[in-house]
**Q** 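If you scroll down you'll find the structure; I have some questions about it.
Because only heavy atoms are used, hydrogens play no part in the values below, and waters and symmetry mates are left out as well, while side chains stay in.
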Amino acid sequence: MIYFDNSATTKPYKEAVDSFVKVSSEFFGNPSSLHGLGVQAEKLLTQARTQVASLLAVKPTEIYFTSGGTESNNLAIKGSAILHKNKGKHLILSSIEHPSVRGSMEQLKKLGFEITYLPTDHHGRVKVEDVKASIQKNTILVSVMQVNNEVGTIQPIKEIGELLSQYPNILFHVDAVQAVGKVPLNLMENRVDLSSISAHKFHGLKGTGSLFIREGVRLDPLLSGGNQEWKIRSGTENVAGAVAMAKALRMTIGNSDLGLERMSRVKTLLREELSRIDGLTINTPLENSAPHILNFSIRGVKAEVLIHTLEQKGIYLSTTSACSSKKQLPSQTLLAMGVPDDLADSAFRISLSYDNNEDEAQKVIVAIEEGAKQLRKVMN
């Protein structure tokens, strides 16, 4: 099997799974309970929070555990908008955000909030001057993802943060789900107020994530109940998931030097060889793109059909993002970049992990070229 769909989800580290099983089996107490089992669970939760905070270079009190990227994005956007609605009801986001960000914004629009979608250039990158031009007196939140999940474009987070430092009443949310372990996360330096991550994108377990909330930033909680996570996220904590997430994050960052070097080599090989295939267009920009994502289109080839053809050979990649792939619609990200409809409708995404190698890449290149030729014959 060759697995090239790591932006959808990664294979969990064995060590992360073992940690989850051990904590679930031996330290199963509710961390809110007063007895010994509860105290043990609370201690493990505190340790996991401290480890995640240390790896992200922030304070433990700034890490709030959630069920993943979608919940973190919803909490950051809706929580900040609802709490600060008396200051203003204008929100800004890029036109190529993850569906959980776009969906949160559209829900708020129904509640009377005004939404501005920032355009991107043909590389899928927003311009800082467009952010500045969109700011109004009643703007309270800007949300821009650090790495686009479909094409891998890295956004100018540092520059946007510098701009927003001139506007103390505007919160800055960054969806960093695709950035962890691939590009640097400088949350404090970049003036980020809120940032979402998800464990299953870096070999942790599904159903676990966190939201960074800068000290002093306040949100209205989405979930009411037992006031866990400092009253921000009620619900019995997933202690085993948090411990496994901390383990996975530590291993990912610990392996990043060699892993990123290998990942970059594999992506370069894929880019160079795939670009030679007749009718194939690379959509991922050469500059300012993450090392793990390569998006391309093959003219005249139905993406869904080729995906299943490759699967029969034990090769797994995807079309658009996993959250959008079953809708069978052209990629909204590619359309926003100005990619023609027919190419946006025949787009593929390869996404790598540290474990992928050049031998796998060569096999995938051959399989894609052969598969495309066969499908063109059938369709013609």
Side-chain angles (χ1 to χ4, degrees), residues 9-10 12-76 78-80 82-83 100 176-177 180 185 187 193-254:
T9 195
T10 54
Y13 290 128
K14 180 182 183 301
E15 293 86 346
V17 175
D18 290 345
S19 294
F20 183 88
V21 171
K22 182 178 179 64
V23 174
S24 297
S25 302
E26 300 179 20
F27 303 97
F28 55 84
N30 188 319
S32 296
S33 297
L34 296 178
H35 51 63
L37 281 176
V39 171
Q40 288 178 329
E42 183 182 25
K43 183 178 179 181
L44 286 172
L45 187 66
T46 299
Q47 290 175 346
R49 194 187 312 277
T50 300
Q51 289 171 4
V52 170
S54 176
L55 291 165
L56 298 180
V58 299
K59 300 176 182 178
T61 52
E62 295 175 317
I63 294 296
Y64 296 75
F65 288 118
T66 67
S67 63
T70 291
E71 184 189 339
S72 293
N73 285 338
N74 274 258
L75 175 56
K78 296 176 187 175
S80 57
I82 292 171
L83 184 67
S100 60
V177 167
V180 177
L185 285 179
L187 299 175
D193 297 301
L194 304 154
S195 186
S196 312
I197 68 172
S198 185
H200 76 102
K201 305 296 188 180
F202 51 86
H203 307 281
L205 300 177
K206 299 177 186 68
T208 314
S210 73
L211 177 65
F212 160 75
I213 306 176
R214 183 190 285 271
E215 189 175 60
V217 172
R218 296 170 56 237
L219 302 180
D220 204 41
L222 299 184
L223 305 176
S224 301
N227 291 330
Q228 288 89 347
E229 296 297 294
W230 297 296
K231 300 182 180 181
I232 291 297
R233 201 268 185 184
S234 291
T236 302
E237 299 94 337
N238 180 3
V239 179
V243 172
M245 175 179 170
K247 169 73 78 172
L249 184 59
R250 185 166 66 250
M251 292 181 65
T252 295
I253 292 178

**Q** Please check: side-chain N/O of S234 versus main-chain N/O of G225, any donor-acceptor pairing under 3.5 Å?
**A**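 Pair found, side chain donor or acceptor close to backbone of G225.
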
**Q** Side-chain contact test, heavy atoms from C-beta onward, threshold under 4.5 Å: evaluate it for R233 versus S67 and give yes or no.
**A**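 With C-beta onward as the side chain, the pair touches.
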
**Q** Can you tell if the side chain of H203 reaches within under 4.5 Å of the side chain of T252, non-hydrogen atoms only?
**A**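 Answer yes - side chains close enough.
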
**Q** Looking at V239 and A41, what are the two nearest heavy atoms and their distance?
**A**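 Scanning both residues completely, I find the closest heavy atoms to be CG1-O, 3.7 Å.
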
**Q** Once you round to the nearest 0.5 Å, how far does NE2 of H200 lie from CE of M245?
**A**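 Reported to 0.5 Å precision, the distance equals 11.0 Å.
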
**Q** Just by distance, no angles: are the side chains of S19 and Y13 close enough, under 3.5 Å, to form a donor-acceptor pair?
**A**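 On atom types as modelled, these side chains do not qualify, holding no pair under 3.5 Å.
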
**Q** To the nearest 0.5 Å, how far apart are CD1 in I253 and CG in L56?
**A**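 That separation rounds to 6.0 Å.
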
**Q** For a quick test of reading the model, state the closest non-hydrogen atom pair linking A48 to A246 and the distance between them.
**A**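 So the minimum-distance heavy-atom pair works out to O-CB, 3.9 Å.
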
**Q** List the atom of E26, the atom of L37, and the distance in Å for their closest heavy-atom pair.
**A**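 Of all heavy-atom pairs spanning E26 and L37, the closest is O-CD2, 4.3 Å.
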
**Q** Please report the interatomic distance OG1(T50) to NZ(K59), rounded to the nearest 0.5 Å.
**A**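 Separation between the atoms: 13.5 Å.
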
**Q** So do the side chains of S100 and N74 get within less than 4.5 Å of each other, counting heavy atoms only?
**A**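 The answer is yes, as the side chains (C-beta and beyond) meet within the 4.5 Å cut-off.
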
**Q** Could you check whether any side-chain heavy atom of L211 comes within less than 4.5 Å of a side-chain heavy atom of L219, counting everything from C-beta outward?
**A**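 L211 vs L219: side chains touch.
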
**Q** Any side-chain heavy atom of F65 within less than 4.5 Å of one from L45?
**A**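 Sidechains of L45 and F65: in contact.
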
**Q** Output the distance between atom OG (S210) and atom CD1 (I197), rounded to the nearest 0.5 Å.
**A**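 Reported to 0.5 Å precision, the distance equals 3.5 Å.
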
**Q** Rounded to the nearest 0.5 Å, what separation is found between the CD atom of E62 and the CZ atom of R214?
**A**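 Those atoms lie 7.0 Å apart.
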
**Q** Using every non-hydrogen atom in the two residues, find where Q228 and S32 come nearest and quote the distance to one decimal.
**A**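 That would be NE2-OG, 3.9 Å.
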
**Q** Within the structure provided, determine whether F202 and T10 are in side-chain contact (heavy-atom separation under 4.5 Å).
**A**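 The answer is no, as the side chains (C-beta and beyond) never meet within the 4.5 Å cut-off.
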
**Q** Quick one: CZ on F27 to NZ on K43, what's the gap to the nearest 0.5 Å?
**A**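 Interatomic distance, F27 CZ to K43 NZ, rounded to 0.5 Å: 9.5 Å.
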
**Q** Can you find a heavy atom in the side chain of R49 that is under 4.5 Å from one in the side chain of V52?
**A**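 No. Closest side-chain heavy atoms not under 4.5 Å.
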
**Q** Do NZ/NE/NH1/NH2 and the carboxylate oxygens of K22 and D18 come within less than 4.0 Å?
**A**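 Answer for the salt bridge query: no.
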
**Q** For L185 and A176, work out which heavy atoms get closest and say how close.
**A**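 The pair with the smallest heavy-atom distance is CD2-CB, 3.6 Å.
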
